[in-house]
Every structure is written in C-alpha cells, then in structure tokens.
Number of protein chains: 2
Amino acid sequence: MCAVLTLAELRTFAENARRSSHEPGDHLMLEDSELTSYANVTGGIVKLSRVMRDGRQQLVGLQFAPDLLGRLFGTENKVTVEAASPVDICRVPKHVLEALVSSSPELKQRLLDQSLQDLDEARDWMVTLGRKDAQQRVASLMMLIARRNGVEEIDSGRGAAFDLPLTRADMADLLALTVETVCRQISKLRKDGVVGIRNHRRVTVPDMSRLSARAG
Amino acid sequence: MCAVLTLAELRTFAENARRSSHEPGDHLMLEDSELTSYANVTGGIVKLSRVMRDGRQQLVGLQFAPDLLGRLFGTENKVTVEAASPVDICRVPKHVLEALVSSSPELKQRLLDQSLQDLDEARDWMVTLGRKDAQQRVASLMMLIARRNGVEEIDSGRGAAFDLPLTRADMADLLALTVETVCRQISKLRKDGVVGIRNHRRVTVPDMSRLSARAG
DNA sequence: CGCAGGTTTGAATGTCGTCAAACCAAGTGG
DNA sequence: CCACTTGGTTTGACGACATTCAAACCTGCG
C-alpha cells in the first residue's frame, strides 16, 4: 500500500492520531479502541498473515513504511497483523477516517486505486507461490525488498545493497517454504556469486540483472 | 466479484451495453473498443490468469455469473481474461461507467468494498497455494465451486451435487498442480467415498462436512 | 466406426520437507 | 575480558510427495 493522503488530509490525520511503538513479534490488532481503526506505518515493517487450523501460517502481505494499514468498514475476514521489525505506527479512530473519506471523493478514489494495486500485488505473489521453485522464490523476495529500498534500474546490470528486514522464519512463511530451504537457496545464491551476505542480514548484489534472472 | 449495482444502475448499464457470446478458450480482452471497458458476466465462467515468461500460467481468479469483470481506471498490470466455459458477457464503454460512478458515491463505495473482498479471496487462495497439499487443494476447489452453486450448509452433513465447470487442465492451472496430480486426487476422493463422479464432470457429495474436512 | 481431446493410471525421478546436529552473533553476568 | 546463554542460522542425511514421461482409457462427435 502506498501513501494516499494529501498534505491537508495528513494534517487532520496527525491531529487525531496516536503514535505508538512496537517490538518484533508484537500483535497490532486494529480493533484496539475502536473496531477497524486505521493506521499509518511510519517506521519498520508489518506482516499480514493467515493462520490455518493446524497452526501453520502463511504471510499474505507486507507493509513497508509509509504504507497505510487497516481497512475501511472492515470485513469479517481475520488477518493477523504483526510487527516484523521495530515498528512505529500512528492510529486514527474510525470516525475520523470516515469523516475524511466522506468529505473527500478523491480520497475514496485513491483508496480504491490502492486496493486494486494491492490486489495486483497479491495476484503476483500467487504466481510466485504457485509456479516458482525455491530458488526463484527467494530471488523474487530479494527483488521485492530491493525495490522497496529504492533500487530502480533492475535490468541495467547495476549493483545494489540492502538489509533483509525479515528473519529466515518470516521469509519461509512468506515464500511457503521451510526455514532450511530458504537457507539453502540463499547459500546457493551466495556460492554462485549472485549475492553477498554479511551478518546474515546485509545483502550486496553486484549485478541486479543476474538476480532478476534467478527470480524467473 | 459479486453484483454491486442497484436496479436503476442496472438499467443504465443495460441501455448502454452490448452483449456477446464466447466459446471456451476465447480471449476476452477488455481493451476491445475502448480501453478498460467494463463487463458483466451474465453466463458461464471466466478465468483470469498471469503468464510467466516460460509460458506456464497461473490462474489468479475465477469470475462466475453474475460477477463484474474488468476494472476502473485500469492499471498497467496485464491479466489474461479467457472464457472457461461458454460465456455471455455484456460490455459497457468506459465513459458510461465513469459517469455512473461519479454520480453515485455509493457505487464507488461498493466497488471499493468489492475490491477489498477480492483481495480477501486472493489472500485465501494464497494460503491454499502455499500451505495445502494436493488433496486439500482439490477439495478446496470443489468446496469453492459448491459454494458458487448455492450450497450453503457446509458443515451440517448435508449432501450436494454440482458440475465441474473447468477442465482438468484449468483446475491444475488454478491449483498450481499438474493435470495428473489433479486426476489422482480426484480418484482418491472417489475411492474414499467422499465424492461420486459421473462423466468426468458431474460431482455428487453425500456429506459436505467430509469434503470440508479434506480441504484442510 | 473411428477419430480427437480430454482424462486416468503407472513407474521412475527429483525437489522440497523433516529430523538432527552444529554453527554464529549478540547480550549478560561473573 | 571471557564464559555462558539464547535465538536465530546453516548444513547434512533421509524420506515423502508431486512431477515427469509414457501409455491406456473414456466420451462426444463426425
């Protein structure tokens, strides 16, 4: 989700917002004080997941700062919202947001655009989960993170560097693999010289086009 | 996607619509006469898919009648739209739909709600693709089709019957399996007495709760 | 009947998951 | 400063499940 607010809207937003910080693993139920409150991620990364009856979970989305979090007039479908890194958020009560939306058709339009974009991203990820092997999935995730870190010139042979903001377990939940398989594929990318890894977190990519090729 | 139009809106819709029929396999590009025209599926089933560079495809959604098809102010992301069965659709030019939307905030609201629901469904399917084995995926698809055919009392031990509107190949593309694996799992469900199959298409379920249990 | 497309079944292969153990990095307290 | 602990990470051996390749089988239709 991308930022969709104008400056004036952001001001109203900020005046009614309450800030809070959270540690990795904290659950950020959106139904805190008011049902279906809205929140803005101002720092860190939030993971959205669904849990199966047997306890296994599947991440269904990531929210990077400064993404919008939550949903209008919420549906019944439960998504677990959890901090993946240290996270700062900024909540707005339901009625404030509803007022904002009804006074601004453009805002509603942008919320619509954004949810359509989220839908596109979800469908992209369905292809990753359904049709890519372990190597391609791991490479795809690295491409996603690189893009979110401002790396643009994907196929130009340029290099890049970024931190992995997720644990191996979170990556596994997102990619529908096991922790061990994620590790093995990262090791393989490293052995093949596609990426360099320092401290299990810092990734350096000498040539983005080679990583892109591995992503299928 | 569900129907989101009132009767009055449907009238305007119908007055400006052009109907057409299509055979299985036909591509229903929405950019026919006008870019990003909208359409209503009045009969049959439409599949939405993404194609990978190597030619393999992944279905990312199904549209049953009377679902709405297409999207407002379309994004750049290409989805292949194809008839899965004999299909009747009813197209509306872009400007008519835009007029409808701007004259009706409720319509825009409902489009927003609907896209949020689509997002939920896409995320549900991500769990199916990511975390279920072949047997559970096939059972999940049968549950989905049963629900779309009006079967409601899922866990009441009631029976049901419906046609599979997709070929084995389409099921495989939707479930991210091979045709052979889909066949084997259907055969297993049949041998175990969970479903009955006639002519490769007609499914009878003596006890929906047993099928539901197989779906994970 | 006989063809064509879709479907079903079988046997062999390979990829990923499971189980187990070792490894590393960071923080704590002696 | 170093031993110790803890949580996360990495690697290996083995097995299970889905894919691949191949052949046979239905069903509808000319």
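Every heavy atom of this structure was used, including side-chain atoms; hydrogens, water molecules and symmetry mates were not. Naming: A, B, ... by sequence-line order, numbering from 1 per chain.
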Any A/Ser187 side-chain nitrogen or oxygen under 4.0 Å from OP1 or OP2 of D/dT10: no
Presence of B/Asn199 side-chain N/O under 4.0 Å of D/dG28 phosphate oxygens OP1/OP2: yes
Under 4.0 Å, counting only non-hydrogen atoms across every strand here, what does [X] touch: a base, just sugar-phosphate, or nothing?
{"X": "A/Arg190", "result": "sugar-phosphate"}
{"X": "B/Ile186", "result": "nothing"}
{"X": "B/Thr181", "result": "base"}
{"X": "B/Thr167", "result": "sugar-phosphate"}
{"X": "A/Ala172", "result": "nothing"}

Protein-nucleotide distance ([X], atom [atom1]; [N], atom [atom2]), rounded to Å:
{"X": "A/Arg198", "N": "C/dC24", "atom1": "CZ", "atom2": "C1'", "value": "16 Å"}
{"X": "A/Leu175", "N": "C/dG17", "atom1": "CG", "atom2": "P", "value": "10 Å"}
{"X": "B/Ile197", "N": "C/dG6", "atom1": "CD1", "atom2": "P", "value": "18 Å"}
{"X": "B/Asp133", "N": "D/dT19", "atom1": "CG", "atom2": "P", "value": "11 Å"}
{"X": "B/Arg137", "N": "D/dA18", "atom1": "CZ", "atom2": "C1'", "value": "9 Å"}
{"X": "A/Gln185", "N": "C/dC16", "atom1": "CD", "atom2": "P", "value": "6 Å"}
{"X": "A/Gln135", "N": "C/dG14", "atom1": "CD", "atom2": "P", "value": "18 Å"}
{"X": "B/Met171", "N": "C/dT8", "atom1": "CE", "atom2": "P", "value": "8 Å"}

Do the side chain of [X] and the base of [N] come within less than 3.5 angstrom through a donor-acceptor pair of N or O atoms?
{"X": "A/Glu180", "N": "C/dC16", "result": "no"}
{"X": "B/Arg184", "N": "C/dG10", "result": "yes"}
{"X": "B/Arg168", "N": "D/dT27", "result": "no"}

Greater than 12 external heavy atoms within 6.0 Å of A/Arg201's CZ: no
Atom CZ of A/Arg202: over 12 foreign heavy atoms under 6.0 Å: yes
Side-chain ion pair, B/Asp54 and A/Arg131, N-O less than 4.0 Å: no
Any donor-acceptor pair under 3.5 Å from B/Gln63 side chain to B/Leu48 backbone: no
Donor-acceptor side-chain pairing of A/Arg50 and A/Gln57 below 3.5 angstrom: no
Earlier contact from the 5' end, DNA chain C, for A/Arg56 and A/His200: A/Arg56
Candidate nucleotides C/dG17, D/dT20, C/dT8, ranked by approach to the side chain of A/Thr178 - the nearest: C/dG17
